[in-house]
Amino acid sequence: MVNDLAENGAKEKRPHGYQRGSKLLLGTILLGLLANECFVDQAFGISVPLFVLAFYGVFFWNLGSTACVQKNFAGGLMIPILLLTLTYVLFSNEVFQVLNVLAISTLIVMQTTLSAKRARADWYAPSFVIDVLIGFIYRPFAFLAVPFKIAAEQIGRRTAGGKNKTLTNVFIGIVLTFPLVVIILMLLSSADERFNYYLGAFPHWLAGFNLDTLMPRLIFISAVALFSFSYIWSLMMKPKQPARYTDSTEQTTFAGCMDATVVTTILSIINVIYVFFTLIQFSYLFGSFSLGLPQQFTYAEYARRGFFELVLVTLINFTLLLVLLHLTKQSSGRVNRAIQILESLLVCCTMVMLVSAFIRMYLYEQMYGFTYLRVLTHAFMILLFVLFLVTLFRIWKKGIKLFKYYLLAGITAFVVINYANIDVLIARWNIDRYNQTGKIDVAYLATLSHDATPYLVQLLKTKDDSVRKVAENQLFGQKQMLNKPQAWQSFNLSNLRAKQLLNQEHLQRNQLDPSLSHEIYDD
């Protein structure tokens, strides 16, 4: 398949292909210049949605009517892409800023592959993963030499047989030599003061260029332009034949290789254990601990001790269900119905385990507070619960494409968790817990993004001097950082709100009692 793509690129008619390539090359060079302006030495911010919009502008400008973005999955993917890029403007969560780079890149590869009609499998088929991998490891590198061939072709066409051929060649020589002349003059003017003096004002112009900064920027611009060109060019090439992967998870060598009796036996043994375990969970966690805990455990210790084991068992059950759904051989109606009942029982028991693990983690948080990892764990368990519901539906309706709904659920969950603003939830819940128990880790709250700053400001009014002083120290550091000048590329609403709030809080404290302008919080 990869060879087919390369052959198609080579067999493209040159006059038509290179004409299209010149247009693409211009667009990707502009894209590289924009990337340099947006990202080099700048924090992520409004620059991310601007660059993504520019990339799609180049993409659709070159593919034109051949790009298919209708009311389908390819068109629907534009929604999570847009929402995830806007998080760099709305929020300041550094963890999700890193994760979203990978998520946005993956969604863009999926969306462009589908809209260019280059997918060899349906998007809801597991083999679509191969198309995504090709988008990452093949398309950006396959046609890196094409831009140079296009440039050579254009120069050759313009210089061949014209009246001004000599003048054109001189101009080409000047253009090609200019970068080398600039570098040589910079080095010589730096090496010899007398030479620098005779150059007069020219070295002052050169002084504005820092070779250590200029070269990395040129390399970055070239890399963005070349990789973008290769990626989009590979999508513009017409495939020789619409060959497709096997897109059904049911049509493989191993499908239906497990005897129904074996499956029934496995499910029966496992379900006996899980039903007994589920009854214990109901007695401990859903029955107000009426039977009491083992004497050596507190509620928090009991919760922490069993949580990871329950999550591991849940993942094992999830894998087991997928294997059985795929490999079980069809049998008589009664046997099939018995397997469906046993699989449903396994799903129900596993869902109870998930709820049990959820409650255990909540108990632990009530004792030790809410953290980033603990809240994300809650979110992961909710996603697993939804996936088990989908799996339960698939048990009784064979035509359901599991990968399709898993993918939709995963994309939706990732977008939702971005917009749930975990930092705000952690800060709010920990402050509520502090109001009830008097326990709080202010230093940890200060490690959250600036989305949580409004809640940290609330601690300035607490009567606990130790908590208030720590909050003052942490907010002072945030205020100093936020008041530093930032480029427009890094504009972020969360940072702006936090900056305005801290400056306003500072002003109010000084207006109430200027003599008590706290040295920790004051500039």
- Min side-chain heavy-atom separation F318-T350 under 4.5 Å: no
- Is L482 close to N503 at the side-chain level, that is, under 4.5 Å between some pair of heavy atoms? no
- Can you tell me if Y274 and N317 form a side-chain donor-acceptor pair at under 3.5 Å? yes
- Does D41 come within less than 4.0 Å of R217, counting only side-chain N to carboxylate O? yes
- Item | Heavy-atom check, side chain of L501 versus side chain of V457, under 4.5 Å | yes
- Task: May I ask you to check whether F141 and F227 place their ring centers less than 6.0 Å from one another?
- Result: yes
- Could you walk me through whether F44 and F39 pass the ring pair (Phe, Tyr, Trp, His ring centres under 6.0 Å) check? CA-CA 7 Å; F44 286 155; F39 302 127; 5.8 Å; yes
- Query: Taking atom types as modelled and ignoring hydrogens, do the side chains of W488 and S47 form a donor-acceptor contact shorter than 3.5 angstrom?
  - Reply: no
- Query: Are any non-hydrogen side-chain atoms of I29 and F229 less than 4.5 angstrom apart?
  - Reply: no
- Return yes when atom CD1 of I79 has more than 12 non-hydrogen atoms of other residues, nucleotides or ligands closer than 6.0 Å, and no otherwise. no
What donor-acceptor contacts under 3.5 angstrom involve side-chain atoms of residues 384-391, with partners at least two apart or in another chain?
unit_1: T391; atom_1: OG1; unit_2: L387; atom_2: O; d: 2.8
unit_1: T391; atom_1: OG1; unit_2: Y406; atom_2: OH; d: 2.6

- Item | Donor-acceptor side-chain pairing of T453 and Q478 below 3.5 angstrom | yes
- Who are the side-chain contact (heavy atoms from CB on, under 4.5 Å) partners of L226, not counting sequence neighbours? L144, P147, F148
- Message: To the closest 0.5 Å, what do you measure between CD1 (I219) and CG (N36)?
- Response: 12.0 Å
Residues 99-112 side chain polar contacts: donor-acceptor under 3.5 Å, at least two apart:
unit_1: N100; atom_1: OD1; unit_2: N418; atom_2: ND2; d: 3.4
unit_1: N100; atom_1: ND2; unit_2: T87; atom_2: OG1; d: 3.2
unit_1: N100; atom_1: ND2; unit_2: F96; atom_2: O; d: 3.1
unit_1: N100; atom_1: ND2; unit_2: N418; atom_2: OD1; d: 2.7
unit_1: S105; atom_1: OG; unit_2: V101; atom_2: O; d: 2.7
unit_1: T106; atom_1: OG1; unit_2: L102; atom_2: O; d: 2.8
unit_1: Q111; atom_1: OE1; unit_2: Y56; atom_2: OH; d: 2.9
unit_1: Q111; atom_1: NE2; unit_2: A74; atom_2: O; d: 3.2
unit_1: T112; atom_1: OG1; unit_2: I108; atom_2: O; d: 2.7
unit_1: T112; atom_1: OG1; unit_2: V109; atom_2: O; d: 3.3
unit_1: T112; atom_1: OG1; unit_2: Y231; atom_2: OH; d: 2.5

- Query: Is it true that F128 and F403 have ring centroids separated by less than 6.0 Å?
  - Reply: no
- Item | Exercise: do D451 and S494 side chains pair donor with acceptor under 3.5 Å | yes
- Item | CD (Q340) with more than 12 external heavy atoms under 6.0 Å | yes
- State, yes or no, whether a side-chain contact exists between L77 and I411 at a heavy-atom distance under 4.5 Å. yes
- Message: Does atom CZ (F136) have a neighbourhood of more than 12 heavy atoms from anything else shown, all under 6.0 Å?
- Response: yes
- Message: If you count heavy atoms of other groups shown closer than 6.0 angstrom to CZ of F220, is the number above 12?
- Response: yes
- Note on the structure: Heavy-atom closest pair (S92 atom, N495 atom, distance to 0.1 Å) is CB-OD1, 3.5 Å
- Message: For V58 versus G27, what's the shortest heavy-atom pair and its separation?
- Response: CG2-O, 3.7 Å
- Side-chain heavy-atom pair Y372, D423 within 4.5 angstrom cut-off: yes
